[in-house]
Amino acid sequence: MKYPDSFGRFGIFGGKYVPETLMMPLQELEEAMESAMKDKSFNQEYRNMLSEYSGRETPLTFAENLTSRLEGAKIYLKREDLNHTGAHKINNAIGQALLAKRMGKQHLIAETGAGQHGVAAATVAAKFHMSCKVFMGVEDIRRQELNVFRMKLLGAEVIPVESGNGTLKDATNEAIRYWVSHCDDHFYLIGSVVGPHPYPLMVRNFQEVIGAETKNQILAREDRLPDRIYACVGGGSNAIGMFYPFLDEPSVELIGAEAAGLGLSTNRHAATLSKGTKGVIHGSYTYLIQDEDGQIVEPYSISAGLDYPGIGPEHAFLFDSGRVRYEAVTDQEAIEALKLLSETEGIIPAIESAHAVALATKEARALSVDDVIVINLSGRGDKDMHTIMSVLEGEKKI
Amino acid sequence: MKPFNGKLKRNANLFIPFIMAGDPSPSFTVDFACMLEKEGADILELGVPYSDPLADGPTIQRSADRALKQGMTLKKAMDLVPQMRNQGLTIPVVLFTYFNPVHQYGEENLIRTLREKDIDGLLIPDLPFEESTEIKEHCLKNNIELISLVSPNSAKRAQRIAREASGFLYAVSDLGVTGERKSLVSGIAGFIRELKQYSDVPVAVGFGISTHDQIQMVQQYADGVIIGSRIIRMVEEYMNSSEILEEHKKQALAEEIRKLWQGEV
């Protein structure tokens, strides 16, 4: 069975829970996407942009020092941090911007939390001569000053969102509201495998290059598939991109690291699968963090990119089916892992990706030297310097 | 079975105000519902506040925030209706709620509770036609009208939605979210006339209607108007009123409604 089905369902998850005014724009998007994916010249253009503009393929780096430090499994890093703009987000932004161009839409809308997707959207907008409005919560604007400046430098308009708590969830609501009013000439470029159908499918299509490359690279290096693959999960786009080409390989264990924030026993976490319940967020049926009355609760993670109360519907499905194992990683563990990778390999990961590193290094010790694992290093840590500085220099208690 | 359990007294020139349960307080909501009936309301749309109201503009978002802050929930909102009935409310009540709270409450359980609380209809703005099969069945069994929305860009879907509409058909005047608009989109008359060809139930227009002139214009081709943000703003004016006596504040509020619905009085 291929997922999603024609209505965008991954088992019971996914679908389209949106106001009537969005049904036609979503239909139009779905048709455009299907025709584009079948079109050789579209795919050629997408691949060219990935290689010439973003620098793909990204390397698979053997983390030799980290491996000998832990004395466990052999660890490889998929280097999405080496993409243009510093994270895997650009893969999807390029794909969707090309689709917008194909549909004749000159205006991009995007939501952003930490600003990575906002920067990726602003970047492709500049490249393709499109206007770009990035919706960003006022709280995130305060926390991510540098990325706000980057977006403006790239010519995007950053629109502060004051509703709710002024974070990613609210920015997404506002981006959708704006899209409803302007869907005739605006394209909504969603940054993760979330939202109503066809977004989870489309974003997966534009991210599966990560797993496809990894598969070839590990076969070339080790002449076999890895035993385990780790990726961090907020909305879940880097994880789906990495996992999808391995879903039909039963020998490969897939593990997602979600954010436990200050700990699962507190209410300050973003561990949607460990602690959430089923419901609807941003047009999709999935797991989310909510109270007993069905009001969505603001999550918490040190990593703005994982600080989201929902998760892509395909992850909800893979969680329920047991194909992917999901574990929660605290702020503290992520920071420790970030330091470890920086010191051993000279690679500073994004705090998001450090969650995957933390889980992988914890488990690698218990594995044999014959085992091979891959960590998806979804982004680099440059954007997080301020946060990391305040944690390590003790200004900020976590 | 008659639509709305026989509570709907006419089929044209319908006045359908939207109010938010618990904004600014549960007891105000009960009084306000009765006041609206006295001022000519034909159907009451009772909103349940939600943390993430995707289809709503800033006015209704503010209203939901106020109601949530003072503890309003789906269950408490439904409990207000029997109190309204005790104070003499006779018009049909349609509960307006986003899907997630409904899902947590349990679809079947919710429809049963609507029946128990003498609530006649249900409107879920983020549950499109295609996702509503299950809930529609429960509604049919319990004589609850499941209100459908149709918008100017529904295109081919519009016919099917109109044909299967129950209670009344909620025609969205314009793309976008709820909120007052200076002028209504041209071409809406044609859209409404088309819907009326297919619909067996009254067609009411909502989104952006905020003045008496707009009401009169819409009444020329539609069977009713839904007024939300303008009503919520009246509640805000009431809350900020410098009048000292509650009675005077309520009188001023009633006058505002009269001005809106009947024109200058």
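Quick caveat, the model's predicted, so the values are computed rather than measured. Residue numbering restarts at 1 for every chain, and letters A, B, ... go by the order of the sequence lines.
In this pair, B:Phe99 and A:Tyr17 present their aromatic rings parallel. The plane angle is below 30°, not in the 30 to 60° band.
Side chain of B:Gln104 to backbone of A:Thr277: no donor-acceptor contact under 3.5 angstrom is found. No donor-acceptor pair closer than 3.5 Å links the side chain of A:Glu20 to the backbone N or O of B:Ser151.
When the shell of 6.0 Å around CD of B:Gln197 is examined, it contains more than 12 heavy atoms from other residues, nucleotides or ligands. By the neighbour-count criterion of 12 heavy atoms within 6.0 Å, atom CD of B:Glu237 is densely surrounded, having more than that number from other residues, nucleotides or ligands.
Note: A:Thr21 leads A:Asp291, A:Thr21, A:Val280 in heavy-atom pairs under 4.5 Å with chain B. Across A:Glu174, A:Lys278, A:Lys16, the residue that shares the most heavy-atom pairs under 4.5 angstrom with chain B is A:Lys16. Taking B:Asp65, B:Leu74, B:Ile161, B:Asn100 one by one and counting their heavy-atom pairs under 4.5 Å with chain A, the maximum is reached by B:Asn100. Contact tally against chain B (heavy-atom pairs below 4.5 Å) for A:Val297, A:Asp170, A:Val18, A:Asp293: the top residue is A:Val18. Comparing B:Asp52, B:Leu175, B:Thr73, B:Leu127 by heavy-atom pairs within less than 4.5 Å of chain A, the highest count is held by B:Asp52. Counting heavy-atom pairs closer than 4.5 Å to chain A, the top residue among B:Leu149, B:Val172, B:Asp174 is B:Leu149.
Residue B:Val102 does not touch chain A at all, counting heavy-atom pairs closer than 4.5 Å. There is no contact between B:Arg62 and chain A, counting heavy-atom distances below 4.5 Å. With a threshold of 4.5 angstrom between heavy atoms, B:Ile124 does not approach chain A through any atom at all. Interface remark: A:Gln27 contributes no atoms to any contact with chain B (heavy atom separation under 4.5 Å). For chain B, the nearby parts of A:Ile296 are the backbone and the side chain; heavy atoms of each come within less than 4.5 Å. Only the side chain of A:Tyr285 comes within contact range of chain B, with heavy atoms under 4.5 Å apart. Residue contact with chain B, scored on non-hydrogen atoms closer than 4.5 Å, involves the side chain of A:Leu288 exclusively. Contact annotation for B:Pro58: neither backbone nor side-chain heavy atoms come within less than 4.5 Å of a heavy atom of chain A. Heavy-atom distances place the backbone of B:Pro125, and not its side chain, under 4.5 Å from chain A.
Side-chain contact between B:Pro53 and A:Arg177: present, with at least one pair of heavy atoms (C-beta onward) separated by less than 4.5 Å.
The two residues B:Gln61 and A:Ser163 make their nearest non-hydrogen contact at OE1-CB, 3.5 Å. In plain terms, the two heavy atoms of B:Val177 and A:Ser181 that are nearest each other are N-OG, 4.2 Å. Pairing each heavy atom of B:Pro49 with each of A:Gln295, the nearest pair is O-NE2, 3.0 Å.
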